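Take a look at the structure below.
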Number of protein chains: 2
Amino acid sequence: MRAPAQLVPDDACCSPLRSVPLGAGPAALLARRFAALSDPVRLRLVSLLATSPEGAVCVCDLVEPVGKSQPTVSHHLKVLREAGLVTSEKRGTNVWYAVVPTALESLRVVLGPVPTGG
Amino acid sequence: MRAPAQLVPDDACCSPLRSVPLGAGPAALLARRFAALSDPVRLRLVSLLATSPEGAVCVCDLVEPVGKSQPTVSHHLKVLREAGLVTSEKRGTNVWYAVVPTALESLRVVLGPVPTGG
DNA sequence: TCCAGCCATCGACGTATGTCGATGATAGGC
DNA sequence: GCCTATCATCGACATACGTCGATGGCTGGA
């Protein structure tokens, strides 16, 4: 259950937007990741995970802060997981989620200035 | 027509995701911007604008590269414009679009590590 | 073994989104 | 003034998405 269908690989897929015109394939890959961040609830979930002192948060501690039902939170976590932005780990009855720093970093690189010839 | 309804302001609206849990308001603002980047066609449009030597591209030169109809391209450009990611300027019969570097930079900041206490 | 708690999945609903053809608005050339 | 070119808007359609209540699968404790 940890990562059954990782639709987007963890590592970066594309060059910065300013380096070379994006092809259809890389654009689709990138779009999936940005789509994962295109919802307020998911952004708040990522923020809650990222700001956690332990680096991971139990699902039971995510439902109340975002103010959505448990199935809705579970759905959003699945979207983030399939986008490769978070990982999940089962501990007893609970499931703990954590952000994947390299995934956020890869998006940062895409938004950044072109490294060569800038 | 340049910027009739700027739904998202140009400057950054939020702290990095890792600094403090995101509130509902800032999350909604950010989500709108990421949503603008959540489509392959729009990502390619931004890339075409960003890689242009002149820094701006006529709409007539955007339709063919992305392989969509002219109304569809116009629709996507509107989404990008209302998200504050691009600007448009009329020159004669043509309309030239250009990226807003600070807008991309603000998203980069949000994805980045917390500046204080990192 | 049974029960309780936690989380994922399912089914359904309303809404938002991407896409196109047709049309309209504006600018420039004859 | 008329025609053409360029781009935005409109209307329509299929699909995707966010949301919830209900349900199911697992785990741990009594």
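Below, chain A is the first sequence line, B the second, and so on; all start at residue 1. These values consider heavy atoms only, across backbone and side chains, with no hydrogens, waters or symmetry-generated copies. Owing to the predicted nature of the structure, the values given are computational and were not obtained by experimental measurement.
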Any salt bridge (Lys or Arg N to Asp or Glu O under 4.0 Å) pairs touching residues 100-110 of chain A, not counting sequence neighbours?
A/E105-A/R108
Going 5' to 3' through nucleotides 24-30 of chain D and flagging B where a protein heavy-atom sits under 4.0 Å of the base, S where only the sugar-phosphate is that close, and - otherwise, we get ---BS--
What residues from residues 59-72 of chain B pass a heavy-atom cutoff of under 4.0 Å to DNA chain D?
B/V59, B/C60, B/Q70, B/P71
State whether A/H76 places a side-chain N or O below 4.0 Å from either non-bridging phosphate oxygen (OP1 or OP2) of D/dT19.
yes
C/dA8, OP1 or OP2 - any side-chain N/O from A/Y97 closer than 4.0 Å?
yes
Point-to-point distance, once rounded to the nearest 0.5 Å, from CG of B/L107 to OG1 of B/T102
10.0 Å
Under the rule for side-chain contact (heavy atoms from CB on, under 4.5 Å), what residues qualify as partners of A/V79, not counting sequence neighbours?
A/A36, A/R42, A/H75
side-chain hydrogen bond (donor to acceptor under 3.5 Å, both in side chains) with B/R18: which residues, sequence neighbours excluded?
none
Applying side-chain contact (heavy atoms from CB on, under 4.5 Å), can you list everything that pairs with B/P71, at least two apart in sequence or on another chain?
B/S69
Excluding sequence neighbours, so at least two apart, what forms side-chain contact (heavy atoms from CB on, under 4.5 Å) with B/E64?
none
As an exercise, state the distance from CG of B/L43 to CG of A/L29, rounded to the nearest 0.5 Å.
11.0 Å
OP1 or OP2 of D/dT9 under 4.0 Å from side-chain N/O of B/H75:
no
Any residue of residues 40-57 of chain A with a heavy atom less than 4.0 Å from an atom of DNA chain D:
A/V41, A/R42
With sequence neighbours left out, the residues meeting side-chain contact (heavy atoms from CB on, under 4.5 Å) with A/S74 are A/Q70
